[in-house]
Amino acid sequence: MKNGRNTLKIQAESDPDFGRRVEDLSGQSISRCYQCGNCTASCAFTGDYDFPINQVMRLVQLGQKDTVLQCRAIWICGQCQACTVRCPCTLDVARVMATLRIMALENGYVADKNLRRFSEEFMRSVALFGRVYEMGLLATYKVRSGTVLADLDLAPQLLKTGKLSFVPHRIQGRRQVAALVKRFSKIF
């Protein structure tokens, strides 16, 4: 909620099918959300969102497609599941956020090209290694985004503490994960 960007502006027009479509794609009954705020209170990134999660859920209910699919919050979500675990309505809120991210890509709402690049590199890394290879992801993303030297000062500390590895960790079932990523990309 930096820079006062969290002010809700309800559009005069709404898409009445938007909420239903999000529910269909995510498999979650978003209409059950009553904006208790547990998701927002649980999220480590709330301070960086333009809209807190509970407001994103409300905007979906109101059919505010343009506002939701253009917001930063859906891209900042780290999929940690803290919101999902604490939801009293047993909604998989993280799944809703991932669904919104896919819908934004599908509908061309991603105005920030670097967000799209990061998402593409992230999925490519998951398809290749079965999980994210952070060093490879960072290297390819930095080259593609033209920000090779940005945050370079953090690298020694991340390497020293073992947060980054020069070698990817391979998992069993990589082919199955790659098939899921491929199947998922065909859907959208």
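Predicted model, so just to flag it, every value in this text is computed and none were measured.
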Task: Shortest non-hydrogen contact from Val56 toward Ala73 - done: CG2-CB, 4.1 Å
Open item on the list: For the CZ atom of Arg174 and the CZ atom of Phe129, what is their distance to the nearest 0.5 Å?
Closed with: 8.5 Å
Open item on the list: For the residue pair Gln61 / Arg58, report whether a side-chain donor-acceptor contact shorter than 3.5 Å exists.
Closed with: yes
Task: Hydrophobic cluster membership, Tyr141 vs Met135, 4.5 Å side-chain cutoff - done: no
Task: Any donor-acceptor N/O pair, Thr46 side chain to Cys43 backbone, under 3.5 Å - done: yes
Task: Backbone of Lys65 reached by a side-chain donor or acceptor of Asp15 within 3.5 Å - done: no
- [ ] Side-chain contact test, heavy atoms from C-beta onward, threshold under 4.5 Å: evaluate it for Pro88 versus Asn38 and give yes or no.
- [x] yes
Open item on the list: Can you give me the closest heavy-atom contact between Gln81 and Ala94, atom names plus distance?
Closed with: NE2-CB, 3.6 Å
- [ ] Would you confirm whether Ser165, through its side chain, and Val167, through its main-chain N or O, come within 3.5 Å as a donor-acceptor pair?
- [x] yes
- [ ] Please examine the side chains of Met57 and Ile30, heavy atoms only from C-beta on, and report whether any two atoms are closer than 4.5 Å.
- [x] yes
Open item on the list: Quick one, Thr67 and Phe51 - any side-chain contact, counting heavy atoms below 4.5 Å?
Closed with: yes
Task: Donor-acceptor contact below 3.5 Å, side chain Ser14 vs main chain Pro16 - done: no
TODO: Check for a donor-acceptor pair, side chain of Thr161 on one end and backbone N or O of Gln157 on the other, with a separation under 3.5 Å.
DONE: yes
- [ ] Find the distance between CZ (Arg131) and CD1 (Ile171) and round it off to the nearest 0.5 Å.
- [x] 8.0 Å
Open item on the list: Grouping I, L, V, M, F, W and Y whenever their side-chain heavy atoms are under 4.5 Å apart, do Tyr34 and Ile53 come out in a common cluster?
Closed with: no
TODO: For Tyr133 and Phe166, indicate whether the former's side chain and the latter's backbone hold a donor-acceptor pair under 3.5 Å.
DONE: yes
- [ ] Examine Leu25 and Ile74 and state if one hydrophobic cluster contains both, with Ile, Leu, Val, Met, Phe, Trp and Tyr joined whenever side-chain heavy atoms are less than 4.5 Å apart.
- [x] yes
Open item on the list: Closer than 4.0 angstrom, basic N to acidic O: yes or no for Glu134 and Lys163?
Closed with: no
Task: Any donor-acceptor N/O pair, Thr99 side chain to Val22 backbone, under 3.5 Å - done: no
Open item on the list: What verdict does the salt bridge (Lys or Arg N to Asp or Glu O under 4.0 Å) test give for Glu120 and Arg117, after you've listed the backbone C-alpha separation in whole Å, the side-chain angles of each residue and the deciding distance to 0.1 Å?
Closed with: CA-CA 5 Å; Glu120 290 169 355; Arg117 288 181 183 124; over 6 Å; no
TODO: Mind checking the CH2-CZ spacing from Trp75 to Phe118? Nearest 0.5 Å is all I need.
DONE: 10.5 Å
Task: Between Ser145 and Thr147, a side-chain donor and acceptor under 3.5 Å - done: yes
TODO: Could you check if a side-chain atom of Leu62 sits within less than 4.5 angstrom of a side-chain atom of Phe18, using non-hydrogen atoms only?
DONE: no
Open item on the list: Testing the basics here: between Cys77 and Arg101, what is the closest heavy-atom pair and its distance to 0.1 Å?
Closed with: O-NH2, 2.9 Å
TODO: Would you give the length of the straight line joining atom CD of Gln70 to atom OH of Tyr109, rounded to the nearest 0.5 angstrom?
DONE: 6.5 Å
- [ ] Determine whether Cys71 and Tyr49 make a side-chain contact, defined as any pair of heavy atoms from C-beta on separated by less than 4.5 Å.
- [x] no
Open item on the list: Check whether Gln28 reaches the backbone of Val93 with its side chain - one donor and one acceptor, N or O, closer than 3.5 Å.
Closed with: no
Open item on the list: If I take atom CG from residue Asp92 and atom SG from residue Cys87, how far apart are they, to the nearest 0.5 angstrom?
Closed with: 9.0 Å
- [ ] Check whether any side-chain heavy atom of Thr84 sits under 4.5 Å from a side-chain heavy atom of Leu91, and report yes or no.
- [x] no
Task: Side-chain donor/acceptor of Asp151 to backbone N/O of Leu154, under 3.5 Å - done: no
Open item on the list: Please tell me whether Val126 and Leu128 are part of a single hydrophobic cluster in this structure, the criterion being side-chain heavy atoms less than 4.5 Å apart.
Closed with: no
Open item on the list: Check this for me: does any side-chain nitrogen of one of Arg95 and Glu23 sit under 4.0 Å from a carboxylate oxygen of the other?
Closed with: no
Open item on the list: Tell me whether Lys142 contacts the main-chain N or O of Ala150 through its side chain, where contact means a donor paired with an acceptor under 3.5 Å.
Closed with: yes
- [ ] Treating Ile, Leu, Val, Met, Phe, Trp and Tyr as nodes and any side-chain heavy-atom pair under 4.5 angstrom as an edge, say whether Val181 and Leu137 lie in one connected cluster.
- [x] yes
Task: Test item: Gln55 and Gln35 side chains (from C-beta on) under 4.5 Å apart, heavy atoms - done: no
TODO: Measure across Arg86 and Ser42 and return the closest heavy-atom pair with its distance rounded to 0.1 Å.
DONE: CD-OG, 2.9 Å
